[in-house]
Amino acid sequence: TALIISSTYTINPSLYQKLPFDPVRDLKPVTRIASSPFLLLVHPSLPVKSVQEFIQLTRAGAGRITYASTGQGSPSHLAGELFQALAKVKMTHVPFKGGAPAMLSLLQGESFTMFANFLTALPQVREKRVRALGVTGLKRSTLAPDIPTVDESGLRGFEVEQTYSVVTAAGTPPDIINRLNREITQRFAVADVRQRLAHEGIELQTSTPAELGRLNAAQFEKWLKVIQQAGIQRAD
């Protein structure tokens, strides 16, 4: 049995005290499938047009800048925590139950910033209801090539993406895992599939099982550090 999982797979072990399974012990990597970045958004009332200007404003604000997220421990929350750690700034986190209320908070000016889902945020950017300062991936998006990445804007090492991967049960023979890898990557290599994903703001990124294993290990370590430094914990 193969499962498609999102990047929360590498977050949850550090976030929850108890999980019904051990993602390292019980699951084996097959292939990465794709990734999608977030957008760093600000309310138009903020007098900033770049990541560096936003950092300077936030430093001067000493916690007065509020950032909305889709919930405690969500990728958008952790993106904010990573941003604060790398930029050495302090913001006030305002969690919501989902993307829609978080975005509404930003649109109404109740929150000043947010790391939002790329595809759902882009129409708001184009309508100038919010301002996009940066893409959270390491490459600019083909859907909005004019928006720089946060990394290239000076906050080196900042990278947050929603990733999608395929895993299988521990104990699956290596030859079966390799066969699954070949079949899945071949199916996703079709140009039509790549184009449809790109239209949704998702970039196809397949890998070998070993490459995915190394990526997961790095992500486990990365988010463990962020979560511990921020003192985030969920019991539900």
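As the structure is a computational prediction, the values presented were derived from the model and not from experiment.
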| field | side chain to side chain contact (heavy atoms under 4.5 Å, CB included) assessment of Q124 paired with L107 | value | CA-CA 9 Å; Q124 306 293 348; L107 293 173; 3.8 Å; yes
| task | Please assess T136 against F83 for the test side chain to side chain contact (heavy atoms under 4.5 Å, CB included), listing each intermediate value before the final yes or no. | result | CA-CA 10 Å; T136 65; F83 184 89; over 6 Å; no
| said: Walk me through whether Q162 and F38 qualify under side chain to side chain contact (heavy atoms under 4.5 Å, CB included). | reply: CA-CA 8 Å; Q162 184 83 316; F38 296 87; 4.3 Å; yes
| request: Could you walk me through whether Q219 and I11 pass side chain to side chain contact (heavy atoms under 4.5 Å, CB included), step by step? | output: CA-CA 8 Å; Q219 291 295 305; I11 293 173; over 6 Å; no
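In this structure the side chain of R32 never reaches within 4.5 angstrom of the side chain of V166, judged on heavy atoms. Contact check for S36 versus L119: no side-chain heavy atoms found under the 4.5 Å cut-off. At a threshold of 4.5 Å between non-hydrogen side-chain atoms, the residues V193 and R187 do not count as touching. Considering only heavy atoms from C-beta on, L78 comes within 4.5 Å of I232 through its side chain. Between R64 and T92, the closest side-chain pair of non-hydrogen atoms is not below 4.5 Å. Residues I33 and T206 are not in side-chain contact: their nearest non-hydrogen atoms beyond the backbone lie 4.5 Å or more apart. In this structure, the side chains of H77 and P95 stay at 4.5 Å or more apart for every pair of heavy atoms. Contact annotation: the side chain of R140 never approaches that of I147 to less than 4.5 Å [non-hydrogen atoms, C-beta and beyond].
The minimum heavy-atom distance between A121 and A116, with the atom names listed, is CB-CB, 3.9 Å. Residues T66 and S111 approach most closely at OG1-CA, 3.3 Å, considering heavy atoms. Annotation for T142 and P145: closest pair O-CD, 3.5 Å, computed over non-hydrogen atoms. Between L39 and V125, the closest heavy-atom pair is CD1-CG2, 4.3 Å. Closest non-hydrogen pair, N181 versus P209, comes out as ND2-CD, 3.4 Å. Across all their heavy atoms, V167 and P29 have their closest contact at CG1-CA, 4.2 Å.
Between the side chain of N12 and the backbone N or O of L15, no donor-acceptor pair lies under 3.5 Å. Side chain of R129 to backbone of P44: no donor-acceptor contact under 3.5 angstrom is found. Counting only distance, with no hydrogens or angles, the side chain of R131 and the backbone of L46 share a donor-acceptor pair below 3.5 Å. Checked by atom type and distance alone, the side chain of S69 pairs as donor or acceptor with a backbone atom of G71 at under 3.5 Å. In this structure, D151 contributes its side chain and L138 its backbone to no donor-acceptor pair below 3.5 Å. In this structure, E152 contributes its side chain and T149 its backbone to a donor-acceptor pair below 3.5 Å. The main-chain N or O of T70 is found under 3.5 Å from a side-chain atom of S76 such that the two form a donor-acceptor pair. Between the side chain of E211 and the backbone N or O of T208, at least one donor-acceptor pair lies under 3.5 Å.
Each of V42 and F96 belongs to its own hydrophobic cluster when Ile, Leu, Val, Met, Phe, Trp and Tyr are linked at side-chain heavy-atom distances under 4.5 angstrom. When the side chains of ILVMFWY residues are joined at heavy-atom separations under 4.5 Å, either directly or via intervening members, W223 and L212 end up in two distinct hydrophobic clusters. Two different hydrophobic clusters hold L155 and V135 under the rule that ILVMFWY side chains link at heavy-atom gaps under 4.5 Å.
Residue S105 holds its OG atom at 8.5 Å from CE of M114, rounded to the nearest 0.5 Å. Between R182 atom CZ and I184 atom CD1 the span is 11.5 Å, to the nearest 0.5 Å. Atom OG1 in T113 sits 8.0 Å away from atom CD1 in I65 (nearest 0.5 Å).
Between E183 and R179, at least one side-chain nitrogen of the basic residue sits less than 4.0 Å from a carboxylate oxygen of the acidic one, meeting the salt-bridge criterion.
Qualifying ring-ring contact (aromatic ring centres under 6.0 Å, His included) partners for Y9, counting only residues two or more places apart in sequence or in other chains: F220. For F118, there are no ring-ring contact (aromatic ring centres under 6.0 Å, His included) partners two or more places apart in sequence or in a different chain. Annotation: ring-ring contact (aromatic ring centres under 6.0 Å, His included) contacts of Y67 (sequence neighbours excluded): H93.
No hydrogens or angles considered: nothing links the side chains of T185 and T31 as a donor-acceptor pair under 3.5 Å. Between the side chains of H199 and Q195, no donor N or O sits under 3.5 Å from an acceptor N or O. A donor-acceptor pair shorter than 3.5 Å can be found between the side chains of S35 and Q205.
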Quiz: residues 50-57 side-chain donor-acceptor pairs under 3.5 angstrom, not counting sequence neighbours:
unit_1 : atom_1 : unit_2 : atom_2 : d
S50    : OG     : E53    : N      : 3.1
Q52    : NE2    : S153   : O      : 3.1
E53    : OE1    : K49    : N      : 2.7

Report, one line per pair, each donor and acceptor closer than 3.5 Å where one atom sits in a side chain of residues 20-27; sequence neighbours left out.
unit_1 : atom_1 : unit_2 : atom_2 : d
D22    : OD1    : V24    : N      : 2.9
D22    : OD1    : R25    : N      : 3.0
D26    : OD2    : D22    : N      : 2.8

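Legend: salt bridge (charged side-chain N to carboxylate O under 4.0 Å, His left out) pairs involving residues 188-209, not counting sequence neighbours, sorted by first then second residue: K139-E203, D192-R196.
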